[in-house]
Amino acid sequence: MTPSTMMLTTGRSHLAVTAAERLAFARDGFVVLDRPIVPLADLARAADLLDGLFVRLDELPAGHVHDLGRPEAGGPGRAIPEVVDPIGLAPALEHTGVVQRCRQVAAGLLGGSARLSFSHAIYKPPHTATATGWHQDLAFNPEYCETGRIPPAVHVWLPLQDATERNGCMLFVPGSHAGPLVEHHRRGHDPRADALVTDEVDPATAVAAPVHAGGLTVHHPATLHASGPNVTDLVRRAWILHFEPGGLVGLRRRWQSRRRRRRLAAG
């Protein structure tokens, strides 16, 4: 399987998910939609709002800020800063049009309606050799660890600029969602670290998923994924939105619940 077989570039501007894309997602555990899903004006507005959060990381409430790139938690000079529940901190994000468009894509893959259950944003600074480690999102979900039930969900990774192999686009292991949750540990085997990572992956089996601004990738909660270093002059910015089947009832409560679960998962 080659990157060219994974990249589903159609040039279409509408949001309908094709049968081929649904099949690719079911087979590979991810799909790349490299077409204008989100208008650039909406993307720019979301970027402005998220930038406003990242420039004042030290002022944000406790529990909203993680560092995915250092073994130790917190501290100055964060390697890969993450903001959890950015909509809770900047509610205007929900009205940029991004959530609605990503929801429509998620609904197409889930086979019905979709609701946003959680979101977080990750900024990868320029000229950093630090990569986001290999992991499965299920490792952060204590409910799965307790029950073994994989929740029906799709995770949308939306870059706020072109995502390339040079600035740290997503990397996926095709078909890995069909396997079990592999063993994870704190980054650097440091119990203070925010990030969970796994060594049980062969990077040679990975596929890079570059995507232009306005496009996105979607992956299954059990899919092994990572992203490389950012060797460019600009910050690589991404907003990640998790969707589950259902309507909009209880959205705020679900964000709060997921944030509590994330804190528990981070120890």
Side-chain angles (χ1 to χ4, degrees), residues 25 28-30 62-75 78-85 117-124 128-157 168-209 217-230 236 238-244 255 257-267:
F25 182 81
D28 302 317
F30 76 95
H64 279 273
V65 180
H66 296 150
D67 187 347
L68 303 182
R70 295 189 188 279
E72 68 277 9
R78 295 179 178 89
I80 305 178
E82 174 195 38
V83 171
V84 177
D85 186 17
S117 60
F118 176 69
S119 83
H120 58 123
I122 301 172
Y123 276 29
K124 191 165 290 186
T128 177
T130 306
T132 304
W134 286 102
H135 65 282
Q136 295 164 291
D137 291 341
L138 279 180
F140 291 93
N141 189 333
E143 291 183 4
Y144 168 77
C145 295
E146 291 173 4
T147 67
R149 186 183 73 86
I150 299 177
V154 296
H155 296 178
V156 174
W157 191 87
C169 69
M170 289 288 275
L171 306 169
F172 298 104
V173 175
S176 55
H177 66 305
L181 176 67
V182 300
E183 183 177 353
H184 286 68
H185 59 81
R186 299 288 171 186
R187 186 168 187 138
H189 296 277
D190 188 323
R192 299 170 298 170
D194 291 321
L196 293 176
V197 298
T198 183
D199 301 320
E200 297 185 22
V201 60
D202 179 3
T205 63
V207 171
T217 71
V218 190
H219 63 274
H220 186 278
T223 302
L224 281 161
H225 61 283
S227 65
N230 177 12
R236 193 233 61 194
W239 187 10
I240 303 93
L241 303 96
H242 295 191
F243 291 92
E244 299 175 358
W255 284 338
S257 175
R258 175 60 73 89
R259 190 168 70 229
R260 286 195 296 271
R261 295 202 302 270
R262 180 63 177 266
R263 285 201 300 267
L264 289 171

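No hydrogens, no waters, no symmetry mates; every other heavy atom, side chains included, goes into these values. Along the sequence shown, residues carry numbers from 1. Keep in mind that what you see is a predicted model, and the values were worked out from it rather than measured.
Test Val65, Ile80, Val84, Asp67 against Asp194 for side chain to side chain contact (heavy atoms under 4.5 Å, CB included) and you get one pass: Asp67. With respect to His135, the side-chain hydrogen bond (donor to acceptor under 3.5 Å, both in side chains) criterion is satisfied by exactly one of Arg187, His184, His225: His225.
Side chain of Glu82 to backbone of His120: no donor-acceptor contact under 3.5 angstrom is found. A donor-acceptor pair under 3.5 Å links the side-chain atoms of Thr198 to the main chain of Glu183, judged by distance alone. At distances below 3.5 Å, not a single donor-acceptor pair connects side-chain atoms of Arg236 with backbone N or O atoms of Asn230. In this structure a side-chain-to-backbone donor-acceptor pair under 3.5 Å is present from Ser117 to His242. A donor-acceptor pair is defined here as one N or O able to donate and one able to accept, closer than 3.5 Å; no such pair exists between the side chain of Gln136 and the backbone of His177. Looking at His220, its side chain does come within 3.5 Å of a backbone N or O of Ala222 through a donor-acceptor pair.
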Could you tabulate the donor-acceptor pairs under 3.5 Å formed by side-chain atoms of residues 200-207, not counting sequence neighbours?
unit_1: Asp202; atom_1: OD1; unit_2: Ala204; atom_2: N; d: 3.0
unit_1: Thr205; atom_1: OG1; unit_2: Asp202; atom_2: O; d: 2.7

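A distance of 4.0 Å separates CG of Leu196 from CZ of Phe140, quoted to the nearest 0.5 Å.
Looking at heavy atoms from C-beta onward, Lys124 lies out of side-chain contact with Ile122 at the 4.5 angstrom threshold. Between Leu171 and Trp134, some side-chain heavy-atom pair lies under the 4.5 Å cut-off. At a threshold of 4.5 Å between non-hydrogen side-chain atoms, the residues Arg186 and Arg192 do not count as touching.
Minimum interatomic distance between Leu181 and Ala139 (heavy atoms only, all atoms of both residues): CD1-N, 3.7 Å.
Among residues two or more places apart in sequence or in another chain, the side chain to side chain contact (heavy atoms under 4.5 Å, CB included) test is passed with Ala153 by His155, Pro221, Glu244. Scanning for ring pair (Phe, Tyr, Trp, His ring centres under 6.0 Å) contacts around Phe243 gives an empty result, with sequence neighbours left out.
Residues Phe172 and His219 place their aromatic rings such that the two centres sit under 6.0 Å apart.
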